[in-house]
Novice: 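One structure follows; several queries about it will come next.
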Amino acid sequence: MTTITIANAGRHDGQEVTIRGWLYNLRESGKLLFPIFRDGTGIIQGVCSLKESPDAFNALKGLTQESSVIVTGKIRAEQRAPGGYEIGITGIQVVQKVPEATPFPIQLKEHGVDFLLDQRHLWIRTPRQAAILRIRAQAVKSARDFMDAQGYTLTDAPMFTPAACEGTTTLFEVNYIDDQKAFLTQSGQLYIEATAMALGKVYTFGPTFRAEKSKTRRHLTEFWMLEPEAAYAGLDDMMELGEGLVSAIVQGVVKHRSRELETLKRDVKKLENIKAPFPRITYEEAVAVLQKNGNPTKFGDDFGGDEETVISRSFDRPVMVHHYPSAIKAFYMQPDAQRPDLALSFDMLAPEGYGEIIGGSQRIHDFDLLVQRLKQNNLPEEAFQWYLDLRRYGSVPHAGFGLGLERTVAWICGTEHIREVIPFPRMLYRVYP
RNA sequence: UCCCCGGUAGCUCAAUGGUAGAGCAUUCGGCUGUUAACCGAAGGGUUGCUAGUUCGAAUCUAGCCCGGGGAGCCA
């Protein structure tokens, strides 16, 4: 007997097969049962009649949702079945029956956010959530394949750090060994600046932690970030890399996860259009776009969610806004030679109102300027000595950016909130399950 | 930290000052092509907590707790 996955059921039309999975739903119609099974790759309807398979019928009748089962039967094309194929059940083994006293809490209907988040360990079994997690995995694979093909080497940054990377955002403090203080990283950037000077072109990809009191659909306390850094690279190099990376991620998902996008009812045409080059506008041009749309933003203001939405809605592809004022950007960003009040920085804003998915810049490579900026930002110089070493020993112009994985995947999936695109979201006031 | 919204059965919601209800889920019964199946019946409630107003509070008031969305900040 061949054991198959439901996703491949169509290839076994007419064959007797085994499916190992769970009971997703059961419709009973007298002496005829219509169970729907899932196995993580998809769902398929089964048919079981009392007359033809009495043993299987009795095992299945009244069986509770999410009971684990091993089913044997014949695959056949069937117009009336969801998905076009069904399995005519000849045998069933119940691996574990969900007790009636404790039924599976997630039903085939709408549920509230609070409830679903409390049940996240079970929520991920639903077809929609499973599709999202597969798309996330594909996005990671496409991103890493692209970076590797571009000659970038993965160099992992530490999770424990002795000080802030940017000083402004709130850090999680942890007790390190023998009463030392340490913090959970908020970015691997400072460390990959070091590995970039060792290896040339590098990136880091892993979780980062921000103890910000942010309660919005775009924020997680723990999120994953892919950060490239390259020696002898400038702002334009990073914008080119960024548009190539995002194109590769989106096209990889479109190519390999069309079934999942269909499950999510995502408009794939909008994604197929996401190909480099992306539009680029300066900060000053972006301010003009905002003012034309009646937004009160003036030169020198930073953009909030509303502003990002207005700007990104003006384009059908991600747009890169560059040359922000230094005053509203991080201390380590290189000023423009012609316009010292502007930083060689850029943000990439995703379309459809999803906002910033990349933030990047060329870094300050001059020792004295960096020391000056540390002082201006009241950052402890002692903690940054190793970082300053990178400007003492063969300093070169270099640049990089950070891509937020969850924001990118949320946009690709079209989800309302980024909490759905990570298996177990960590948010303000929520660390369960 | 601030602003806005919410908390009623396991779940999704109704009841706006006068006996706390429906659908789903669960249990029992019926149905040979169902599509979140359908039909009939049953069990299931300290209306987030505390105090107050009132003859009477799920409903009005105050405080607190919990959750959601947003601002700031950021990916």
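Naming: A, B, ... by sequence-line order, numbering from 1 per chain. Since the model is a prediction, treat every value here as computed from it, not as a measurement.
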Novice: On a whole-Å scale, what distance lies between the C1' atoms belonging to B:G10 and B:C5?
Specialist: 25 Å
Novice: From A:Ile135 CD1 over to A:Arg257 CZ, what is the distance, rounded to the nearest 0.5 angstrom?
Specialist: 8.5 Å
Novice: Between atom CD in A:Gln186 and atom P in B:C74, what is the gap in whole Å?
Specialist: 10 Å
Novice: Expressed as a whole number of angstroms, how long is the span from A:Leu60:CG to B:U34:C1'?
Specialist: 13 Å
Novice: Below the 4.0 Å mark, does B:G69 have OP1 or OP2 next to a side-chain nitrogen or oxygen of A:His219?
Specialist: no
Novice: Looking at B:A75 and A:Phe223: do their rings stack (centroid distance under 5.5 Å, interplanar angle under 30°)?
Specialist: yes
Novice: Mind calculating the distance between CD (A:Glu66) and P (B:U26) to the nearest angstrom?
Specialist: 13 Å
Novice: I want to verify a distance call: between B:G68, B:G33, B:A75, whose nearest atom is closest to the A:Arg407 side chain?
Specialist: B:A75
Novice: Once you round it to whole Å, what is the distance between P of B:C74 and CD1 of A:Ile357?
Specialist: 18 Å
Novice: Exactly one of A:His365, A:Glu193, A:Lys201 should register a side-chain hydrogen bond (donor to acceptor under 3.5 Å, both in side chains) with A:His398. Which one does?
Specialist: A:Glu193
Novice: Would you please classify the geometry between the A:Tyr283 ring and the A:Tyr324 ring as parallel, tilted or perpendicular, with 30° and 60° separating the classes?
Specialist: tilted
Novice: When all nucleic acid strands are considered with a 4.0 Å heavy-atom cut-off, which category describes A:Arg218: base, sugar-phosphate, or nothing?
Specialist: base
Novice: Can you name the nearest heavy-atom pair linking A:Val98 to A:Gln65, along with the distance?
Specialist: CG2-O, 3.4 Å
Novice: Grab the CG-P distance between A:Asp306 and B:C3 for me, whole Å please.
Specialist: 19 Å
Novice: Taking A:Lys298 first and then A:Glu307, would you say they form a salt bridge - that is, a charged N and a carboxylate O separated by under 4.0 Å?
Specialist: no
Novice: Within less than 4.0 Å of OP1 or OP2 of B:G72, is there a side-chain N or O belonging to A:Arg210?
Specialist: no
Novice: Looking only at atom P, what distance separates B:C38 and B:U34, rounded to whole Å?
Specialist: 12 Å
Novice: With Watson-Crick and G-U wobble geometry limited to distances under 3.5 Å, how should the secondary structure of RNA chain B be encoded in dot-bracket form, using | for bases paired to another strand and [ ] for crossing pairs?
Specialist: (((((((..((((....[..)))).(((((.......))))).....(((((..]....))))))))))))....
Novice: Whole Å only: how far is the NZ atom of A:Lys213 from the P atom of B:G67?
Specialist: 12 Å
Novice: From B:U32, B:U26, B:G72, pick the nucleotide closest to the side chain of A:Pro103?
Specialist: B:U26
Novice: Write down the distance between CG (A:Leu26) and P (B:A25), rounded to a whole number of angstrom.
Specialist: 11 Å
Novice: Could you check how far CG of A:Leu428 sits from P of B:G70, rounded to whole Å?
Specialist: 13 Å
Novice: Determine the Euclidean distance between corresponding C1' atoms of B:U61 and B:G21; express it in Å to zero decimal places.
Specialist: 27 Å
Novice: Thinking salt bridges, do A:Glu229 and A:Arg363 make one under a 4.0 Å N-O criterion?
Specialist: yes
Novice: Select from A:Glu28 and A:Val47 the residue whose nearest nucleotide in RNA chain B is closer to the 5' end of that strand.
Specialist: A:Val47
Novice: Nearest to the side chain of A:Arg27, which nucleotide is it out of B:U34, B:A75, B:G33?
Specialist: B:U34
Novice: So which one's nearest nucleotide on RNA chain B is more toward 5', A:Ile418 or A:Gly30?
Specialist: A:Gly30
Novice: Go through B:G67, B:U34, B:G69 for me and flag the one nearest to the A:Tyr429 side chain.
Specialist: B:G67
Novice: In whole Å, what separates the P atom of B:U54 from that of B:A42?
Specialist: 41 Å
Novice: Provide the distance between the two C1' atoms, one in B:C64 and one in B:A15, to the nearest whole Å.
Specialist: 26 Å
Novice: Confirm from the modelled atom types if A:Lys215 and B:G68 form a donor-acceptor pair under 3.5 Å, side chain to base only.
Specialist: yes
Novice: Which value, in whole Å, describes the distance between the C1' atoms of nucleotides B:A62 and B:C24?
Specialist: 37 Å
Novice: What does A:Gly355 touch in the nucleic acid at a heavy-atom separation under 4.0 angstrom: a base, only the sugar-phosphate, or nothing?
Specialist: nothing
Novice: Looking only at non-hydrogen atoms, find the nearest pair between A:Thr64 and A:Leu23 and report the distance.
Specialist: O-CD2, 3.6 Å
Novice: With the threshold set at 4.0 Å, does a side-chain nitrogen-carboxylate oxygen contact exist between A:Arg76 and A:Glu78?
Specialist: no
Novice: Look at the side chain of A:Ser214 and the base of B:G72, then say whether one donor and one acceptor between them are separated by less than 3.5 Å.
Specialist: yes
Novice: Classify the ring geometry between A:Tyr191 and A:Trp386 as parallel (under 30°), tilted (30 to 60°) or perpendicular (over 60°).
Specialist: parallel
Novice: Work out how far the P atom of B:G7 is from that of B:C13, and round it to whole angstrom.
Specialist: 10 Å
Novice: Contact class for A:Ile358 (heavy atom, under 4.0 Å): base, sugar-phosphate, or nothing?
Specialist: sugar-phosphate
Novice: Heavy atoms under 4.0 Å, any strand shown: does A:Gln119 hit a base, just sugar-phosphate, or nothing?
Specialist: nothing
Novice: Quick one: label A:Glu78 by what it contacts on the DNA or RNA (base, sugar-phosphate, nothing), any heavy atom closer than 4.0 Å.
Specialist: base
Novice: Would you call A:Glu86 and A:Lys74 a salt bridge, using N to O less than 4.0 angstrom?
Specialist: no
Novice: Could you give the distance separating B:A20 and B:G30 at their P atoms, to the nearest angstrom?
Specialist: 36 Å
Novice: Do A:Lys329 and A:Asp302 sit within salt-bridge range, that is, some charged N less than 4.0 Å from a carboxylate O?
Specialist: no
Novice: Atom pairs under 3.5 Å, N or O on each side, protein against nucleotides 11-13 of chain B: can you list them with distances?
Specialist:
| from | atom 1 | to | atom 2 | distance (Å) |
| --- | --- | --- | --- | --- |
| B:C11 | O2' | A:His111 | ND1 | 2.5 |
| B:C11 | O2 | A:Lys109 | NZ | 2.3 |
| B:U12 | OP1 | A:Gly112 | N | 2.7 |

Novice: Output the single nucleotide from B:G68, B:G72, B:U27 whose closest atom is nearest the side chain of A:Glu100.
Specialist: B:U27
Novice: With heavy atoms under 4.0 Å as the rule, sort A:Arg76 into base, sugar-phosphate or nothing.
Specialist: base
Novice: Below 4.0 angstrom, N of the basic side chain to O of the carboxylate: do A:Arg136 and A:Glu260 qualify?
Specialist: no
